[in-house]
Amino acid sequence: MSQKFPLLTVQGLSRKFSHRWLWRGVSFEIQAGDCVGLIGASGSGKTLLLRNLVALDPVDKGKIIFANRTLEDWSIPAYRTQVIYSPQRPSLFEGTVEDNLKLIFAFATNRDSTYSRGRIEEYLDILGRDSDFLNLPAPQLSGGESQILALLRILQLNPKILLLDEPTASLDFETTLKVETLLKHWLNSQSDRALLLTSHDSEQIRRVTNRQIHLAEFNAS
């Protein structure tokens, strides 16, 4: 029987910002099926930690291991197809919502995948929206609609781990609940997926996550 490893292991990660340590010795594991909340006060470095985990910002100290291979052993573009970060304010392209969903499959890292309108329509149905949403011009979307597009755009890529930074910050409560349902559907539809998210809403953290990482426990002061 083959040994099973955590999807993601973080060992002793430390972050310095403006000549001070935000946090030191951050260590945790993410297992398949996990939905983990990242908790911390405003300015504690939650976003910086998420960016560290996808090598968008440098790691000052510590080690990141994905699928039993250190980050240094991965090609970063290949790693980012498996561990995907979605910022709070997503960048959108010109064209319709569907144009935005299709465009990422033109990138070299996604060349082995194809766009599935059926899958997107399945996700839209969970969100209580019809396919007319796909025809909306992306530059004219509201903040909440932009967050929905950004979420659809990464869900369709079938990553192993999603890192979501305030994914429902611009949504009303009813739509937020539908997004949470979609995330649970995505997480449970395959056994080798996991989710790590931040949220300003403590009730959402309690509703959605099965455990939490508290950055205050790694305060460097």
Side-chain angles (χ1 to χ4, degrees), residues 2 4-11 13 28-36 38 46-59 62-95 97-124 126 134 138 146-167 179 182-198 213:
S2 60
K4 291 188 176 181
F5 300 94
L7 282 181
L8 187 74
T9 301
V10 175
Q11 297 177 346
L13 211 64
F28 59 87
E29 292 181 347
I30 294 180
Q31 306 284 346
D34 268 347
C35 185
V36 183
L38 178 61
K46 297 186 297 295
T47 295
L48 288 175
L49 178 55
L50 295 182
R51 289 176 58 86
N52 274 165
L53 295 180
V54 286
L56 286 171
D57 281 347
V59 173
K63 184 181 294 186
I64 298 169
I65 302 169
F66 171 68
N68 205 37
R69 294 163 58 188
T70 66
L71 196 56
E72 292 76 16
D73 292 331
W74 281 91
S75 157
I76 293 302
Y79 173 78
R80 289 179 182 156
T81 67
Q82 299 297 305
V83 182
I84 296 183
Y85 164 65
S86 182
Q88 187 176 154
R89 295 178 179 84
S91 298
L92 305 182
F93 308 112
E94 291 295 326
V97 168
E98 189 163 37
D99 290 335
N100 272 255
L101 295 172
K102 290 179 175 179
L103 182 59
I104 57 174
F105 291 102
F107 299 165
T109 53
N110 300 321
R111 63 180 176 269
D112 294 329
S113 302
T114 56
Y115 173 67
S116 171
R117 185 182 175 107
R119 180 184 299 151
I120 293 299
E121 288 178 340
E122 175 192 355
Y123 293 163
L124 286 173
I126 294 172
L134 299 175
S146 296
Q147 285 197 304
I148 289 174
L149 168 52
L151 182 60
L152 294 174
R153 195 166 56 185
I154 59 176
L155 288 180
Q156 67 178 344
L157 294 175
N158 293 321
K160 299 298 184 187
I161 301 178
L162 281 182
L163 307 175
L164 303 180
D165 194 356
E166 301 279 0
V179 167
L182 175 57
L183 291 175
K184 291 176 183 177
H185 169 79
W186 175 84
L187 186 62
N188 294 328
S189 61
Q190 287 186 200
S191 61
D192 57 350
R193 293 173 169 172
L195 175 63
L196 175 65
L197 79 155
T198 71
I213 298 166

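For the atom pair Ile148 CD1 and Tyr123 OH, the distance stands at 15.0 Å (nearest 0.5 Å). Considering CZ of Arg69 and OG1 of Thr9, their distance stands at 14.0 Å, rounded to 0.5 Å.
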Extract all donor-acceptor atom pairs below 3.5 Å that involve side chains of residues 150-159 and protein atoms in other chains or at least two apart in sequence.
unit_1: Arg153; atom_1: NH1; unit_2: Ser91; atom_2: O; d: 3.1
unit_1: Arg153; atom_1: NH2; unit_2: Ser91; atom_2: O; d: 2.8
unit_1: Gln156; atom_1: NE2; unit_2: Leu101; atom_2: O; d: 2.8
unit_1: Gln156; atom_1: NE2; unit_2: Arg153; atom_2: O; d: 3.4
unit_1: Asn158; atom_1: OD1; unit_2: Arg193; atom_2: NH2; d: 2.9

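Other residues, nucleotides and ligands contribute over 12 non-hydrogen atoms within 6.0 Å of the CZ atom of Arg117.
No hydrogens or angles considered: nothing links the side chains of Ser113 and Asn110 as a donor-acceptor pair under 3.5 Å.
Considering all non-hydrogen atoms of both residues, Leu197 and Cys35 come closest at CD2-SG, 4.1 Å. Residues Leu7 and Asp192 come closest through the heavy atom pair CD1-O, 3.7 Å. Closest approach of Pro58 and Asn52 over heavy atoms only: O-ND2, 3.0 Å. Contact record, Tyr115 with Phe105: CA-CE1, 3.6 Å, taken as the closest heavy-atom pair. Shortest non-hydrogen contact noted between Gln88 and Pro90 is O-CD, 3.3 Å. Closest of all the heavy-atom pairs between Trp74 and Ala67 is CZ2-CB, 4.0 Å.
With a 4.5 Å cut-off on side-chain heavy atoms, Tyr85 and Thr47 count as touching. Side chains of Val179 and Gln147 form no contact here, defined as non-hydrogen atoms less than 4.5 Å apart. Within the 4.5 Å cutoff, no side-chain heavy atoms of Asp34 are placed close to those of Leu187. The shortest distance between side-chain heavy atoms of Leu49 and Ile213 does not fall below 4.5 Å. By the 4.5 Å heavy-atom criterion applied to side chains, Val36 and Phe28 are not counted as neighbours.
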Given the rule in the side-chain contact (heavy atoms from CB on, under 4.5 Å) test, do Leu162 and Ser86 qualify, once you have shown the distances and angles that lead to the verdict? CA-CA 8 Å; Leu162 281 182; Ser86 182; over 6 Å; no
What verdict does the side-chain contact (heavy atoms from CB on, under 4.5 Å) test give for Leu164 and Leu183, after you've listed the backbone C-alpha separation in whole Å, the side-chain angles of each residue and the deciding distance to 0.1 Å? CA-CA 11 Å; Leu164 303 180; Leu183 291 175; 3.8 Å; yes
Kindly indicate, with the supporting measurements, whether the criterion side-chain contact (heavy atoms from CB on, under 4.5 Å) is fulfilled by Leu196 and Leu53. CA-CA 11 Å; Leu196 175 65; Leu53 295 180; 3.8 Å; yes
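Ring planes of Tyr79 and Phe66: perpendicular class, angle over 60° (limits at 30 and 60°).
In this structure, Arg111 contributes its side chain and Ala108 its backbone to a donor-acceptor pair below 3.5 Å.
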